[in-house]
Amino acid sequence: MSFSVSTHQSIASIDANAWNACALPLDSPYQPFVDHRFLLALEQSGCVSEETGWCPSHIELKQNDETVGLVPMYLKNHSRGEYVFDYAWAEAFYRAGRNYYPKYQICIPFTPVTGARILVKQIQAKQDIESSLIQKIIDLTDAGGVSSAHITFLKHSEWSTTKLAGLLQRMDLQFHWANEGYDSFDEFVAQLTSKKRKNIRRERREVKEYNLHIQWLTGSDLREQHWDSFYEFYLETSSRKWGSAYLNREFFSLLSTTMSDQILLILCRRGTKYIAGALNFLGDETLYGRNWGCIEHYPFLHFELCYYQAMEYAIQHRLQSLEAGAQGGHKFARGYKAQPTYSAHYIADTQFRFAVARFLADEVKYIHRDLEYLDSQSPFRERTLSTRERIEANTFSEV
């Protein structure tokens with residue numbers, strides 16, 4: 001089929017309706033992070049820019065002047081804000097006298113959430129469009145003197161497609177909470193082992209004794225004063241964990257203006273002073289926990305705001321799942337289950353490609369070992385399908 005392909009240095013140059021027609025098909029659950037408004041806010045605020053090492057290079061594929069496929073792609077000179085770590089690969093390139101940067105990154109910046117990365121309009125030629133977009137990624141990498149291209153946190157179906165195109169496959173783990181039709185938080189807790197039940201109830205009881213007030217804010221309830229407080233919390237956590245913040249204050253105002261109905265901000269105050277908060281985004285089926293911070297420390301307050309309050313919200317609003325980003329040993333102990341995440345990688349140099357392939361073949365063995373261990377330590381009283389069984393049965397929902 002005949003397609004025309006172009007690249008864009010700003011998502012603003014791509015029609016929002018055309019973008020969302022590919023990114024947010026009507027027959028799939030809404031996912032906020034591929035929404036044109038979310039990515040535009042990242043660029044308009046300057047969080048994503050050439051200056052921050054995230055130079056937009058979005059791919060648009062047209063057929064008869066109609067946009068039928070898109071790829072959110074960035075030319076990068078570092079590996080920060082990705083959550084699929086390739087620093088060892090960059091070091092190997094450096095030791096061999098080669099440059100790993102720049103590289104292409106196909107992802108949602110600063111957002112370790114699984115979702116569509118090869119955005120295709122729902123038409124009959126969907127497979128042809130996907131193949132053309134993946135080939136364009138490879139061609140741009142080869143032609144531009146770029147070391148590699150990385151598609152991270154992509155859906156399992158897209159992962160399978162990239163394998164057919166010859167890209168290297170990589171797996172990792174996250175921890176997600178599943179709402180099994182619970183009518184209350186207590187009903188969920190009752191499914192856990194005795195030790196886990198007691199631990200959660202103790203943590204929540206201690207938080208109540210602090211006499212703090214917790215609010216759920218969304219839509220028109222969100223005000224600039226709330227974002228002023230939350231940004232202070234966010235900066236505190238960023239400086240403590242990473243040394244610098246990826247997101248600036250303007251980003252949150254832009255999102256609040258354009259996507260307030262997709263935001264759940266959980267704030268905690270002592271008296272009239274806000275002291276902690278957790279930012280979440282709303283999909284049709286999933287609540288996505290993204291950022292948290294506090295300026296006063298109270299034991300277990302992090303778990304209360306980020307996990308237990310989010311679970312209660314998901315139960316009350318009949319959401320099917322809760323995703324809280326990277327890391328997660330503490331999540332597992334509180335009823336989250338291991339979930340595989342997927343990435344695909346194209347390395348232009350054939351020798352390095354072979355070396356990375358060997359590395360990934362060894363790495364996946366450790367991932368499966370971790371899965372097996374976690375399944376053996378389930379916090380639930382009744383046995384559920386193991387993660388390996390769910391992988392083999394392909395029962396994971398596609399975002």
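Just so you know, residue 1 is the first one in the sequence shown, and it goes up from there.
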Margin query: If you apply the rule side chain to side chain donor-acceptor pair (under 3.5 Å), what do you find for E43 with S49, and how did you get there?
Written below: CA-CA 6 Å; E43 293 186 22; S49 66; over 6 Å; no
Next item on the list: Assess whether side-chain contact (heavy atoms from CB on, under 4.5 Å) is satisfied between L61 and L70, documenting all intermediate values.
Entry: CA-CA 6 Å; L61 188 146; L70 294 155; over 6 Å; no
Note to self: Apply side chain to side chain donor-acceptor pair (under 3.5 Å) to residues Y94 and N99 and explain how you reach the verdict.
What the structure shows: CA-CA 6 Å; Y94 176 78; N99 292 322; over 6 Å; no
Check: Cationic tip of K76 within the cone over W54's six-membered ring, i.e. under 6.0 Å and within 45° of the normal?
Finding: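 Yes, K76 and W54 form such a contact.
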Notebook entry, point to check: Should the pair R204 and F300 be classed as cation-pi, given the thresholds of under 6.0 Å to the six-membered ring centre and 45° from the axis?
Noted result: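 No - R204 does not lie over the ring of F300 by the 6.0 Å and 45° rule.
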Does the side chain of [X] come under 3.5 Å of the side chain of [Y] through a donor N or O and an acceptor N or O?
X    : Y    : value
R197 : T193 : no
Y210 : R270 : no
S57  : T7   : no
Y182 : E180 : no
S79  : K103 : yes

Do [X] and [Y] have side chains that approach each other closer than 4.5 Å (heavy atoms only, starting at C-beta)?
X    : Y    : value
M171 : Y342 : yes
W19  : L119 : yes
D27  : Q122 : yes
I263 : N280 : no
C22  : V120 : no
E158 : K155 : yes
K196 : V189 : no
D228 : R249 : yes

Can you see which heavy atom on [X] is nearest to which on [Y], and at what distance?
X    : Y    : answer
E60  : T67  : OE2-OG1, 2.6 Å
F281 : L255 : CZ-CD1, 3.6 Å
Y100 : A90  : CD2-CB, 3.4 Å
G53  : H78  : CA-NE2, 3.6 Å
G277 : L267 : CA-CD2, 3.8 Å
L173 : T341 : N-OG1, 3.9 Å

[X] atom [atom1], neighbour heavy-atom count above 12 within 6.0 Å:
X    : atom1 : result
Q351 : CD    : no
E50  : CD    : no
K331 : NZ    : yes

Compute the ring centroids of [X] and [Y], then answer whether they are less than 6.0 Å apart.
X    : Y    : result
F93  : F352 : yes
Y104 : Y74  : no
Y336 : F175 : no
W177 : F188 : yes
W292 : F233 : no
Y274 : F230 : no
Y234 : F252 : yes

State whether the side chain of [X] and the backbone N or O of [Y] hold a donor-acceptor pair below 3.5 Å, judged by distance alone.
X    : Y    : result
Y246 : G81  : yes
Q191 : E187 : yes
N179 : L319 : yes
E304 : V207 : no
H368 : K365 : no
E323 : G289 : no
Q174 : P112 : yes
D15  : A18  : yes
S343 : T152 : no
T111 : P109 : yes

Membership question, hydrophobic clusters at under 4.5 Å side-chain separation (ILVMFWY): are [Y] and [X] in the same one?
X    : Y    : answer
V48  : L254 : no
I14  : L42  : yes
L247 : L222 : yes
F303 : Y288 : yes
V364 : F354 : no

Next item on the list: Look at E296 together with R269 and state whether they make a salt bridge at an N to O cut-off of under 4.0 Å.
Entry: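 Result for this pair is no, no salt bridge flagged.
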Check: Checking ring-ring contact (aromatic ring centres under 6.0 Å, His included) for the pair H317/Y313: CA distance, chi angles, key distance, verdict?
Finding: CA-CA 6 Å; H317 292 82; Y313 185 94; 3.8 Å; yes
Notebook entry, point to check: Pick one: which of I106, D172, I108, V84 meets side chain to side chain contact (heavy atoms under 4.5 Å, CB included) with F153?
Noted result: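 Of the listed options, the one satisfying the test is V84.
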Check: In a check of side chain to side chain contact (heavy atoms under 4.5 Å, CB included) between H150 and each of Q105, M73, R170, which one passes?
Finding: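 In the set Q105, M73, R170, the residue that makes a side chain to side chain contact (heavy atoms under 4.5 Å, CB included) with H150 is Q105.
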Checklist line | Stepwise side chain to side chain donor-acceptor pair (under 3.5 Å) test for W227 and S256 | finding: CA-CA 9 Å; W227 292 115; S256 193; 2.9 Å; yes
Next item on the list: Show your reasoning for whether ring-ring contact (aromatic ring centres under 6.0 Å, His included) applies to H8 and H58.
Entry: CA-CA 5 Å; H8 297 260; H58 308 305; 7.9 Å; no
Check: For the atom pair CG (D186) and CG (D183), what is the distance rounded to the nearest 0.5 Å?
Finding: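 Going from CG on D186 over to CG on D183, the span is 11.5 Å.
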Margin query: Could you work out, with side-chain hydrogen bond (donor to acceptor under 3.5 Å, both in side chains) as the rule, every residue matching W89, not counting sequence neighbours?
Written below: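 Partners of W89 by the side-chain hydrogen bond (donor to acceptor under 3.5 Å, both in side chains) criterion come out as none, since no residue qualifies.
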Margin query: I'd like to know whether K126 forms a salt bridge (charged side-chain N to carboxylate O under 4.0 Å, His left out) with E130, so could you lay out the CA-CA distance, the side-chain angles of the two residues, the decisive distance to 0.1 Å, and finally the verdict.
Written below: CA-CA 6 Å; K126 187 173 186 295; E130 286 181 342; 2.9 Å; yes
